[in-house]
Amino acid sequence: MARTTPHEPEQSHEPEQSHEPAQFDDRPLYGRIAALLLDELRAGTIPPGERLPGERHLAAHYQVSRETVRQALEVLRRSGLVATDRRGSHATLPGRPVEAPAAPVFPLGARSADPCAVDRATVTWEAPPPEHAQALGLAPHRPTLVHRYRSATPDGRSLRTAVTSFSAVALAEVAELARYRDRADGATPAQLRRAYDWMRKAGLALHHRDAITQVGDAFSVRVTRRVHDQYARPLEITELVVNEQDALVYEFTLPAAG
């Protein structure tokens, strides 16, 4: 009778996955880590737009130093495969994350529909009008950034004017606005078209409330705009005078970028 031997389970010949960088790779260590991280991003381990783990976690994951991880992320950042903002780093492939709605151009509604209109905007560092100071919670005579906008016909006839005062919160939270203090001489052109984008990228939601009332003749209205963030903190107040027929009040909220 033939002798039988106990059946042994088949051994798998598939190599085990390892996050350790290959020793034979002649690339710098940070380059190998960048390639490993890119493989995980492409595999969908970290979906596009989702925040990446912190440097400490990635260093432990790949068994390298945080400086190596930092250099690897910089490689991917320069290649446009990873983006970094104040909330951290996130993958931008295989497609860019869905973006939040675009912010309106500042100052909203101030630009004339007249294709020949000439616009000019400047900023000053001064005490705002008393009603602005009260709306922004500023102490009397406390200076802040004040933006003045004027749209006029080529012969100088005023079409639309807007005066905006920014709050201490806006200047503290939005670095791009704060930098204008050094240029607030009232003469240097200062187009703050992206002011609302800057606010959203700083993590601020924008709640607009526009009160529109008729003033003077039948063709002029004043728009008093107040903008608050998600914590009900005032960000700016604008007095805009335009040529319109109707008067109304409307509100909308624009979420923070994220």
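- The list of salt bridge (Lys or Arg N to Asp or Glu O under 4.0 Å) pairs with a residue in residues 123-144, not counting sequence neighbours, reads Glu126-Arg148.
- Side-chain contact check for Thr238 versus Val223: every heavy-atom pair is 4.5 Å or farther apart.
- Arg150 places a side-chain heavy atom less than 4.5 Å from the side chain of Ser158.
- The two residues Ala170 and Leu235 come nearest to each other via the heavy atoms CB-O, 3.4 Å.
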Please tabulate, one pair per line, all N/O donor-acceptor pairs under 3.5 Å involving side-chain atoms of residues 73-81, not counting sequence neighbours.
residue, atom, partner, partner atom, Å
Glu74, OE1, Arg77, NH1, 2.6
Arg77, NE, Thr84, OG1, 2.8
Arg77, NH2, Thr84, OG1, 3.1
Ser79, OG, Val75, O, 3.1

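- Heavy-atom minimum distance, Ser167 versus Pro234: OG-O, 2.6 Å.
- With contacts defined as side-chain heavy-atom distances shorter than 4.5 Å, the pair Val118/Thr153 does not qualify.
- Contact detail for Ala110 and Tyr149: the closest heavy-atom pair is O-CE2, 3.4 Å.
- At least one donor-acceptor pair closer than 3.5 Å links the side chain of Asp155 to the backbone N or O of Arg157.
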- Task: Decide side chain to side chain contact (heavy atoms under 4.5 Å, CB included) for Val241 and Val221; before the verdict, give the C-alpha distance in whole Å, the side-chain angles of both, and the deciding distance to 0.1 Å.
- Result: CA-CA 6 Å; Val241 177; Val221 294; over 6 Å; no
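- Pairs of residues two or more places apart, or lying in two chains, that qualify as salt bridge (Lys or Arg N to Asp or Glu O under 4.0 Å) and include a residue from residues 226-237 are Glu173-Arg233, Asp229-Arg233.
- Both Leu177 and Leu206 belong to a single network of hydrophobic side chains, linked directly or stepwise wherever heavy atoms of I, L, V, M, F, W or Y lie under 4.5 Å apart.
- Hydrophobic clustering places Leu58 together with Leu29 (ILVMFWY residues linked when any side-chain heavy atoms are closer than 4.5 Å, directly or through intermediates).
- The line from CZ of Arg32 to OG1 of Thr68 is 9.5 Å long, rounded to the nearest 0.5 Å.
- Residues Pro140 and Pro130 form no side-chain contact, since every pair of their non-hydrogen atoms from C-beta on lies 4.5 Å or further apart.
- Nearest heavy-atom pair, Leu171 versus Ala178, reported as atom, atom and distance to 0.1 Å: O-CB, 3.4 Å.
- Counting only residues at least two apart or on different chains, the salt bridge (Lys or Arg N to Asp or Glu O under 4.0 Å) pairs with a member in residues 179-194 are Asp119-Arg193.
- Atom OH of Tyr30 sits in a sparse spot, with 12 or fewer heavy atoms from other residues, nucleotides or ligands closer than 6.0 Å.
- Under the rule for a side-chain hydrogen bond (donor to acceptor under 3.5 Å, both in side chains), Gln230 has no partner lying at least two apart in sequence or in another chain.
- Looking at Tyr62 and Leu37, their side chains come closer than 4.5 Å, going by heavy atoms from C-beta outward.
- Scanning for side-chain contact (heavy atoms from CB on, under 4.5 Å) contacts around Ala59 gives Arg66, Val69, with sequence neighbours left out.
- Gln71 is linked by a side-chain hydrogen bond (donor to acceptor under 3.5 Å, both in side chains) to nothing, counting only residues two or more places apart in sequence or in another chain.
- Cluster annotation: Leu145 and Trp198 are assigned to the same hydrophobic cluster (Ile/Leu/Val/Met/Phe/Trp/Tyr, side-chain heavy-atom contacts under 4.5 Å, transitive).
- Not a single side-chain hydrogen bond (donor to acceptor under 3.5 Å, both in side chains) links Thr161 to another residue, sequence neighbours left out.
- Both Val227 and Val123 are members of a single hydrophobic cluster when ILVMFWY side chains are connected at heavy-atom separations under 4.5 Å.
- Transitive grouping of hydrophobic side chains (ILVMFWY, heavy atoms separated by less than 4.5 Å) brings Leu108 and Leu192 into a common cluster.
- Considering every non-hydrogen atom in both Thr144 and Ser165, the closest pair reads CG2-CB, 4.5 Å.
- Clustering of Ile, Leu, Val, Met, Phe, Trp and Tyr side chains at separations under 4.5 Å places Val146 together with Val163.
- Residues satisfying the ring-ring contact (aromatic ring centres under 6.0 Å, His included) test with Phe106, not counting sequence neighbours, are His147, Phe166, Tyr196.
- Not counting sequence neighbours, the partners of Arg70 by the side-chain hydrogen bond (donor to acceptor under 3.5 Å, both in side chains) test are Glu55, Glu67.
- Partners of Glu239 according to the salt bridge (Lys or Arg N to Asp or Glu O under 4.0 Å) rule, which considers only residues two or more places apart in sequence or in another chain, are Arg222.
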